[in-house]
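Just follow the structure's listing: the first ligand is 1, and inside any ligand the first atom is 1. Along the sequence shown, residues are numbered consecutively beginning with 1. Only a predicted model underlies this, so the values are computations on that prediction, with no experimental measurement involved.
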Amino acid sequence: MTEAATDPVTARVVLDGAYRVSPVPRRLFGSFVEHMGRCVYGGIYEPGHAEAGPEGFRRDVVALTQELGITVVRYPGGNFLSGYDWTDGIGDQQERPVRLDRAWKAVESNQVGTDEFMAWAELASVEPMLAVNLGTGGIQEACDLLEYCNRPSGTKWADLRVKNGAVDPYGVRLWCLGNEMDGPWQIGHKTADEYGRLAAETARAMRRVDRDVELVACGSSNSGMPTFGSWEATVLEHTYDLVDHVSLHAYYEELAGDRASFLASATDMDSMIRGITATADAVGARRRSRRRLTLSFDEWNVWYQHRFPGEDALDYATERHLIEDDYSVVDAVVVGDLLMTLLTHADRVAVACQAQLVNVIAPIRTEPDGPAWRQAIYDTFALTARHARGEVLLPAVRSPRHETVRYGEVDVVSSAATFDEESGELALFLVNRSPDSSAQVEVLLRGLPARELLEHVVMAETDQSVTNSAGSPDRVRARPGSGADLRDGVLSVALPACSWTMLRMR
Ligand code: AHR
């Protein structure tokens, strides 16, 4: 059914306690810290700042990271990774070389490296997800870094870690085998066969250093890549039995005022997940393998890429503001919907990292020598991470549909839900993707003990263009909703145009 854009629409959702997807993977609430712009320097690390500890990490940023509910953080890149020599970033900080970062045309001081990041991860109580350089680097560098991080003392690199102050091995489990190696912009870009062979040999060697690592093979940089799908098929022919996850990346933006398409971005993420899962399973079937790979959606977010002039237009600089997008409620709704899509595919998406954490296309913004504050996209992420607990449920949705330029006909209303047996709490997330019509939703709750509405929160703004700023950091926040009615196992709620809603029941 296609609705005219301004008609109020009614959607029906059935939630059944028996339709379960999988437990909520806590690693879905990941983030990404790259040596890029002011993510590391001036972001997590600003020695001399009033909030910085003795090692230079800003405690206000750590607190916001924890409040955001971040569970895992990918580091150190990104495109930066593909030209990075990790040995530059260890040992006495005074002795570290200053290098050209050719990925982002920056001057890299190397004041933050592996040991500093591991200390920050501990401070923020997040799991580290490290990456090995397969652009200019190779098998040896990867194994050396793994030895440095995970082996006990008694060999060269492990002893160096001990000498540098970390007596116990870090025991890092999650490792990315390179970054976006399908992209011609990547330093050391490779064909699928070249990368597949290198990733397979690196994986084999790394497992000899530590057999317990979980390895991520590079998938496509986005669904518009000419090799999307065929890249994964070829790479997995080489690596299927040697890796655990295959990566996906996706960034979305509103183009030429086409808000309806932008608000439907999650439909692209949904088809990417379905397509790459099918591709991986097809490779597995050809190999008669009983293994099932999972996905690592380790870069996703809203990014206004059309405003970024590109790396070639940059001059080498030390610390610079790079892609510090200001987010609106529209972006917050899209972020909420993307996270709902990841949740709904929790049986196959094991890891996800919003890119990035601070300043660079990020939910957290810092002022040099000043405060740290929440961007508009902060709340939809934080509330989902906090309340999506227990098991993911599979909602049956009958939504009116509307036409979009980029994705054709899409559901106007999307939903995701989780049920936590322990607390008896049901969390329901709803998005109205219509830029200008409100929607009425009726949710039939079956086999779920939901009698009482605990919380109703809405992210919506009459002026969809407003953003937060240093002077007005709480202008766009999720706020208490009203008018939801829960009676005899039926929940009725109105969704404003372009909105994200969370309802918690028990
Ligand atoms: O997150 C910004 C950049 O986007 C990353 O460095 C790269 O992996 C991707 O293209």
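In this structure, Thr71 and Arg26 approach most closely via the heavy-atom pair OG1-O, 2.7 Å. Taking each heavy atom of Tyr84 and Gly113 in turn, the nearest pair found is OH-CA, 4.0 Å.
A salt bridge links Arg475 to Glu461: at least one charged side-chain nitrogen sits closer than 4.0 Å to a carboxylate oxygen.
The contact set between ligand 1 and Trp303, taken as ligand atoms under 4.0 Å from a residue heavy atom, comprises 2 (C), 4 (O). Residue Asn179 has at least one heavy-atom neighbour below 4.0 Å for each of these atoms of ligand 1: 8 (O). Near Trp104, with a cut-off below 4.0 Å to any heavy atom, the atoms of ligand 1 are 3 (C), 6 (O). Residue Phe32 has at least one heavy-atom neighbour below 4.0 Å for each of these atoms of ligand 1: 1 (O).
Cation-pi check for Arg74 over Phe32 is met; the charged atom lies under 6.0 angstrom from the ring centroid and within 45 degrees of its normal. Judged by a 6.0 Å distance limit and a 45° cone about the ring axis, Arg307 is positioned over the six-membered ring of Tyr304.
Nearest to atom 9 (C) of ligand 1 among the protein's heavy atoms is Glu299 OE1, 3.0 Å. Looking from atom 7 (C) of ligand 1 to the surrounding protein, the closest heavy atom is Asn79 OD1, 3.2 Å. The single protein non-hydrogen atom nearest to atom 10 (O) of ligand 1 is Glu180 OE1, 2.7 Å, given as residue, atom name and distance. Given atom 1 (O) of ligand 1, the protein heavy atom at minimum distance is Tyr251 OH, 2.8 Å. Nearest protein heavy-atom neighbour of atom 2 (C) of ligand 1: Gln356 NE2, 3.5 Å.
Side-chain atoms of Ser82 and Gln186 include a donor-acceptor pair closer than 3.5 Å.
Between Glu34 and ligand 1, at least one pair of N/O atoms sits closer than 3.5 Å.
Residue contacts with ligand 1, taken as heavy atom pairs separated by less than 4.0 Å, do not involve Val360 at all. The residue Phe80 has no part lying near ligand 1, judged by heavy-atom distances below 4.0 Å. At a heavy-atom distance under 4.0 Å, no atom of Trp300 approaches ligand 1.
Judged purely by atom type and a 3.5 angstrom limit, Tyr195 uses its side chain to pair as donor or acceptor with the backbone of Cys218. Put simply, the side chain of Thr341 gets close to the backbone of Asp337: a donor and an acceptor are under 3.5 Å apart.
Tested against His35 for a ring pair (Phe, Tyr, Trp, His ring centres under 6.0 Å), the candidates Phe117, Trp86, Phe80, Tyr45 yield a single pass: Phe80.
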